[in-house]
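So the structure is just underneath, and the comments pick up after that.
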Number of protein chains: 2
Amino acid sequence: MDTKLTQTLENSSLSLAQALKRAGLRLTPQRLAILRLLADSREHPSAQMIHHALLAEYPSLSLATVYNTLETLVEIGLVNDLGSVGPEGVRYDADATPHVNLACTRCHRVIDLPSHHVRHLEEEIAAQSGYAIKGGRVLYYGLCPECQKATSQ
Amino acid sequence: MDTKLTQTLENSSLSLAQALKRAGLRLTPQRLAILRLLADSREHPSAQMIHHALLAEYPSLSLATVYNTLETLVEIGLVNDLGSVGPEGVRYDADATPHVNLACTRCHRVIDLPSHHVRHLEEEIAAQSGYAIKGGRVLYYGLCPECQKATSQ
DNA sequence: TTCCTAAATTAGAATGATTATAAATACAAA
DNA sequence: TTTGTATTTATAATCATTCTAATTTAGGAA
């Protein structure tokens, strides 16, 4: 592995670890693995997808732990709960930068779309709602370009 | 019932009926009732809440019908799927005007917040995403003012 | 009107994501 | 180290949602 990538991952893990510490949470390999997977992935995975992806590296990882960890990470605001998309259940997003999520109702892929409008939105809500905001789901759903083609045949 | 309100409801039902017709769907009492409930309510109800609310008026209304109808209404874009909030499952919103939904993670109430940013957002996505957008969920979650007080005690 | 038929509804069973439980484990403070 | 407690684990239980097959009905045609 090249040095730059190694450093990036180490730095990333370091800051993830710090984030957990700051919240008064114990640093477990399971939590780090789940958080790192979410941070490195653009798939917006569900709990089951995360469990499946980590099983090779952590054969004893329990599905319950994945659910517990995700609940915790959402609670401290490190991860966003996007709600369920398709039959795979709730999808999660560790990308804290303001953006829009697009979900395809046919293939159930979820992608990101940068948008500066979302930052304004979040600032407005934080300032005006009176709520103690923990996170958000800005997600639009419909047919992705590929599935539009597939459907029109 | 006063005349103005009656007219409003009748007009409303009429346009709901037209919307169903336009989509090539049959006009059933169940569909009208569910759509009217959603249109008149600010509760962002779940399927079960809708079923429970309509059972008095339609004793034979099946839960399966509520689920089927909601799926249909989401498909034709008349109703938005907000994703699940709390343990009551997916919540639905018939308000098509661009706005933000706020969900409390403690009492699980969902309210609306008007925001002109959302309109810009939707226009941007419709123009730039390449997706055939059917609907969206713009929802932020956290503690509502009441639950902040209750929790801090 | 009456008839026809595909669409819609219904009750109930089945599915499967998520949550609860209780015992075993391991983080981290002293 | 030792120790207390948070966390993990396997498994069972829950319950929202979907499926199935039989029945009913909306709405167009005769």
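Letters A, B, ... are given to chains in the order of the sequence lines, protein chains preceding strands, and every chain is numbered from 1.
In this structure, CG on Leu73(A) lies 7.5 Å from CG on Leu38(A), to the nearest 0.5 angstrom.
In this structure Thr105(B) satisfies the side-chain hydrogen bond (donor to acceptor under 3.5 Å, both in side chains) test together with Lys134(A), sequence neighbours excluded. Residues that satisfy the side-chain hydrogen bond (donor to acceptor under 3.5 Å, both in side chains) test with Ser84(A), not counting sequence neighbours, are absent from this structure. Under the side-chain hydrogen bond (donor to acceptor under 3.5 Å, both in side chains) criterion, Arg137(B) pairs with Asp81(B), not counting sequence neighbours. In this structure, His116(B) has no ring-ring contact (aromatic ring centres under 6.0 Å, His included) partners at least two apart in sequence or on a different chain.
Judged by distance alone, the side chain of Arg31(B) and the main-chain N or O of Arg26(B) form a donor-acceptor pair under 3.5 Å.
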Without placing hydrogens or testing angles, list every side-chain donor-acceptor pair under 3.5 Å for residues 90-101 of chain B, not counting sequence neighbours.
{"unit_1": "Arg91(B)", "atom_1": "NE", "unit_2": "His44(B)", "atom_2": "O", "d": "2.5"}
{"unit_1": "Arg91(B)", "atom_1": "NH1", "unit_2": "His108(B)", "atom_2": "O", "d": "3.0"}
{"unit_1": "Arg91(B)", "atom_1": "NH2", "unit_2": "Glu43(B)", "atom_2": "O", "d": "3.3"}
{"unit_1": "Arg91(B)", "atom_1": "NH2", "unit_2": "His108(B)", "atom_2": "O", "d": "3.3"}
{"unit_1": "Asp93(B)", "atom_1": "OD1", "unit_2": "Asp95(B)", "atom_2": "N", "d": "2.9"}
{"unit_1": "Asp93(B)", "atom_1": "OD2", "unit_2": "His99(B)", "atom_2": "NE2", "d": "2.9"}
{"unit_1": "Asp95(B)", "atom_1": "OD1", "unit_2": "Thr97(B)", "atom_2": "N", "d": "3.0"}
{"unit_1": "Asp95(B)", "atom_1": "OD1", "unit_2": "Thr97(B)", "atom_2": "OG1", "d": "2.7"}
{"unit_1": "Asp95(B)", "atom_1": "OD2", "unit_2": "Thr97(B)", "atom_2": "OG1", "d": "3.4"}
{"unit_1": "His99(B)", "atom_1": "ND1", "unit_2": "Thr97(B)", "atom_2": "O", "d": "2.7"}
{"unit_1": "His99(B)", "atom_1": "NE2", "unit_2": "Asn101(B)", "atom_2": "OD1", "d": "3.2"}
{"unit_1": "His99(B)", "atom_1": "NE2", "unit_2": "Asp112(B)", "atom_2": "OD1", "d": "2.9"}
{"unit_1": "Asn101(B)", "atom_1": "OD1", "unit_2": "His44(B)", "atom_2": "NE2", "d": "3.1"}
{"unit_1": "Asn101(B)", "atom_1": "ND2", "unit_2": "Val138(B)", "atom_2": "O", "d": "3.4"}

Please list every donor-acceptor pair under 3.5 Å in which a side-chain atom of residues 61-68 of chain A meets a protein atom from a residue at least two apart or in another chain.
{"unit_1": "Ser62(A)", "atom_1": "OG", "unit_2": "Ala64(A)", "atom_2": "N", "d": "3.0"}
{"unit_1": "Asn68(A)", "atom_1": "ND2", "unit_2": "Ala64(A)", "atom_2": "O", "d": "3.3"}

What pairs of donor and acceptor atoms, side-chain ones from residues 119-133 of chain A against any protein atom, are under 3.5 angstrom apart with sequence neighbours left out?
{"unit_1": "Glu124(A)", "atom_1": "OE1", "unit_2": "Ser115(B)", "atom_2": "OG", "d": "2.6"}
{"unit_1": "Ser129(A)", "atom_1": "OG", "unit_2": "Ile125(A)", "atom_2": "O", "d": "2.8"}
{"unit_1": "Ser129(A)", "atom_1": "OG", "unit_2": "Tyr131(A)", "atom_2": "N", "d": "3.0"}

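Boundaries of the chain B contact region on DNA chain D are dA16(D) to dG27(D), first to last in 5' to 3' order (nucleotide atom under 4.0 Å from a heavy atom).
Under the salt bridge (charged side-chain N to carboxylate O under 4.0 Å, His left out) criterion, no residue pair touches residues 55-76 of chain A, with sequence neighbours excluded.
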Report all interatomic pairs (protein N or O, nucleotide N or O of nucleotides 22-25 of chain C) with separations under 3.5 Å.
none

Name the pairs: protein N/O against N/O of nucleotides 8-15 of chain C, kept only if under 3.5 Å.
{"unit_1": "dA8(C)", "atom_1": "OP1", "unit_2": "Arg31(B)", "atom_2": "NH1", "d": "2.9"}
{"unit_1": "dA8(C)", "atom_1": "OP1", "unit_2": "Arg31(B)", "atom_2": "NH2", "d": "3.1"}
{"unit_1": "dA8(C)", "atom_1": "O5'", "unit_2": "Arg31(B)", "atom_2": "NH2", "d": "3.4"}
{"unit_1": "dT9(C)", "atom_1": "OP1", "unit_2": "Thr28(B)", "atom_2": "OG1", "d": "2.6"}
{"unit_1": "dT9(C)", "atom_1": "O3'", "unit_2": "Gln30(B)", "atom_2": "NE2", "d": "2.8"}
{"unit_1": "dT10(C)", "atom_1": "OP1", "unit_2": "Gln30(B)", "atom_2": "NE2", "d": "3.2"}
{"unit_1": "dT10(C)", "atom_1": "OP1", "unit_2": "Ser60(B)", "atom_2": "O", "d": "3.1"}
{"unit_1": "dT10(C)", "atom_1": "OP1", "unit_2": "Ser60(B)", "atom_2": "OG", "d": "3.2"}
{"unit_1": "dT10(C)", "atom_1": "OP2", "unit_2": "Ser62(B)", "atom_2": "N", "d": "3.1"}
{"unit_1": "dT10(C)", "atom_1": "OP2", "unit_2": "Thr65(B)", "atom_2": "OG1", "d": "2.7"}
{"unit_1": "dT10(C)", "atom_1": "O5'", "unit_2": "Ser60(B)", "atom_2": "O", "d": "3.2"}
{"unit_1": "dA11(C)", "atom_1": "OP2", "unit_2": "Ser60(B)", "atom_2": "O", "d": "3.4"}

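Remark: P of dT19(C) and CD of Glu71(A) are 7 Å apart, rounded to the nearest angstrom.
Side-chain heavy atoms closer than 4.5 Å link hydrophobic residues (I, L, V, M, F, W, Y) into clusters, and following such links, even through other members, never connects Leu102(A) to Leu139(A). Linking ILVMFWY residues whenever their side-chain heavy atoms come closer than 4.5 Å, directly or via other members, places Val74(A) and Ile34(A) in the same cluster.
Rounded to 10 degrees, the angle separating the terminal helix axes of the helix from dT1(C)-dA30(D) to dA30(C)-dT1(D), each built from five base pairs, is 50°.
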